[in-house]
Amino acid sequence: MLDARTAVESVFREESGRIIATLIRISGSFDRAEEALQEAFASALAHWPAKGIPQNPGAWITAAAHRKLIDQSRRERTKREKQDSLLHATAAAIPRDNFDLEEMSMPFPDDRLRLIFTCCHPALNREGQVALTLRTLGGLSTAEIAKAFLLPEPTMAQRLVRAKRKIQEAHIPYAVPPPHRLAERLTSVQAVVYLIFNEGYSAATGDRLVRRDLCLEAIRLGRVLCELVPEEPENIALLALMLLHDSRRDARVSNGQLVTLEEQDRSLWDESEISEGLGLVEQALHLGRAGPYQLQAAIAALHAQSKSARDTDWPQIAALYGKLLEFNSSSVIALNRAVAIAMSAGLEAGLQAIDALGPSGELEKYYLFHAARADILFRMDRLEEAAMAYRTASGLAGNRIEQDFLARRLASVEAAMRERQAHGS
Amino acid sequence: MRYMMLIYTQENAAERITPEEMENVKATHWSVMQEATQKGIFHGAEPLKSTTTATTVRVQEGKVFSTDGPFAETKEQLAGYYILDCKDLDEAIEWAGKIPSSCGGASGCVEIRPLAGLPPR
């Protein structure tokens with residue numbers, strides 16, 4: 001039998017996003033909704049142990065929070081009447097005074113849809129979008145978000161305040177965008193979800209468990225997005241992409257060291273995530289509207305299906321990167337394509353493709369550009385050049401895990417150089 | 001809520017504007033103003049003369065100092081404004097998207113700022 005605290009925590013995790021979305025609609029304010037939700041969970045903690053867990057805990061919380069909203073608005077009204085001079089500033093939305101539990105317990109999928117579009121509104125900066133999405137839809141505390149992004153809590157709190165103030169003061173609507181704006185607005189939502197995933201997935205320093213939570217949260221948001229806007233191939237592909245990347249989490253770091261895709265022990269890959277991811281990729285592609293997340297998911301799917309790096313369908317991957325470049329002419333994508341060319345058409349062709357990217361200048365300060373170049377040179381047995389490229393990469397790498405990885409590669413090149421010298425003399 | 005839409009263009013490019021393009025830009029402005037008026041949300045719009053006519057005034061220690069030019073040198077210059085009463089920011093963004101800001105082959109932009117209203121005396 002569940003104890004009351006566990007029940008409260010589980011309702012919070014499962015339903016707080018849905019509940020707060022409804023409370024924001026009713027109250028017209030993120031702050032009021034948050035306050036009411038907190039108070040409702042506090043009363044659940046106070047009442048459930050003695051009175052037992054209600055049959056529909058989510059509806060109980062929603063109803064309690066709604067009552068808090070009404071109390072709040074009464075308090076504010078009294079305060080306003082006392083402080084007449086403040087009248088102009090507080091155009092508070094007064095919630096309906098009557099409500100019934102039946103209605104509150106009904107699912108309001110539209111409210112979460114409103115919430116996600118408002119949190120990811122392009123008039124907010126990306127940092128604010130991410131923070132607000134995690135805080136409201138994800139139900140994470142400000143402290144948890146700050147920890148996940150390796151920032152001091154006041155900085156994160158400030159971001160949230162700024163985003164909420166902009167919503168309020170510029171009148172960003174709490175609404176699902178009209179059909180002719182849906183596509184561009186969805187792009188913004190997808191970008192926020194993927195950014196949250198990547199923040200958790202990147203090899204940056206920080207508490208690994210916290211970062212893992214961030215990945216799971218992004219995957220959960222990805223599922224919500226698929227549920228709210230179904231039959232949208234890019235949403236499905238985004239979820240697939242995250243699952244397929246996440247499936248490698250146990251294999252890509254070993255004893256605190258980064259392991260390349262090629263060297264990963266593929267038996268450690270999470271099979272259930274792979275099979276779900278592959279199914280979703282197929283489902284997305286079946287809808288017949290290509291897009292960048294589908295291409296990336298298709299690439300991840302090819303890796304997931306390969307027994308080893310050697311067995312991988314590199315020509316197909318190179319072709320998919322080529323298609324991806326048509327959507328997004330990023331030099332990082334071009335770099336990935338060049339690597340795929342090296343693995344399929346041959347090292348010489350790959351090196352040429354990489355060197356062709358150098359003069360653009362954009363990649364000069366990107367450690368993976370030099371690391372990829374070094375790797376190809378190493379395979380071509382051009383050891384001195386490989387060592388030089390690894391040293392350049394090392395000078396640009398950001399964190400310890402990346403530095404360690406490059407140091408190990410450089411050591412391998414230097415070992416090969418010594419061996420060659422020994423044989424030569 | 002009333003929003004002010006500040007139109008920024010690249011003045012040096014605006015000098016190269018062809019008569020046809022000028023007619024086109026004017027016609028678009030007239031149609032936006034007409035549509036906004038019909039909807040009852042129009043609260044004014046007007047172009048500004050170029051920044052070569054601008055004077056910046058500062059008061060320091062009770063003395064008035066005037067200098068030639070706009071207060072800041074920027075790539076794009078304030079060229080005009082609209083004030084429209086919109087339901088929310090999304091509606092304001094829709095209207096801002098209709099207002100021409102590029103001319104003479106150079107792109108421009110429209111900055112949307114909600115009007116704060118006068119505080120009570």
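Computed from a prediction, not measured in an experiment: that's the story for all the values here. In what follows, chains carry the letters A, B, and so on, assigned in the order in which the sequence lines appear, proteins first and then strands, with residues in each chain numbered from 1. Heavy atoms only: backbone and side chains are in, while hydrogens, waters and symmetry mates are out.
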Worksheet entry | Any B:Asp90 side-chain heavy atom under 4.5 Å of A:Arg181 side chain | no
Above 12 or not: heavy atoms from other molecules or residues under 6.0 Å from [atom1] of [X]?
| X | atom1 | result |
| --- | --- | --- |
| B:Lys26 | NZ | no |
| B:Glu73 | CD | no |
| A:Glu231 | CD | no |
| A:Arg289 | CZ | yes |

Taking a cut-off of under 4.5 angstrom between non-hydrogen atoms, the residues of residues 1-25 of chain B near chain A are B:Met1, B:Tyr3
Within residues 164-174 of chain A, contacts to chain B at heavy-atom distances under 4.5 Å involve A:Glu169, A:Ala170, A:His171, A:Ile172, A:Pro173
The interface call for B:Ile93 against chain A, heavy-atom contacts under 4.5 Å, is side chain
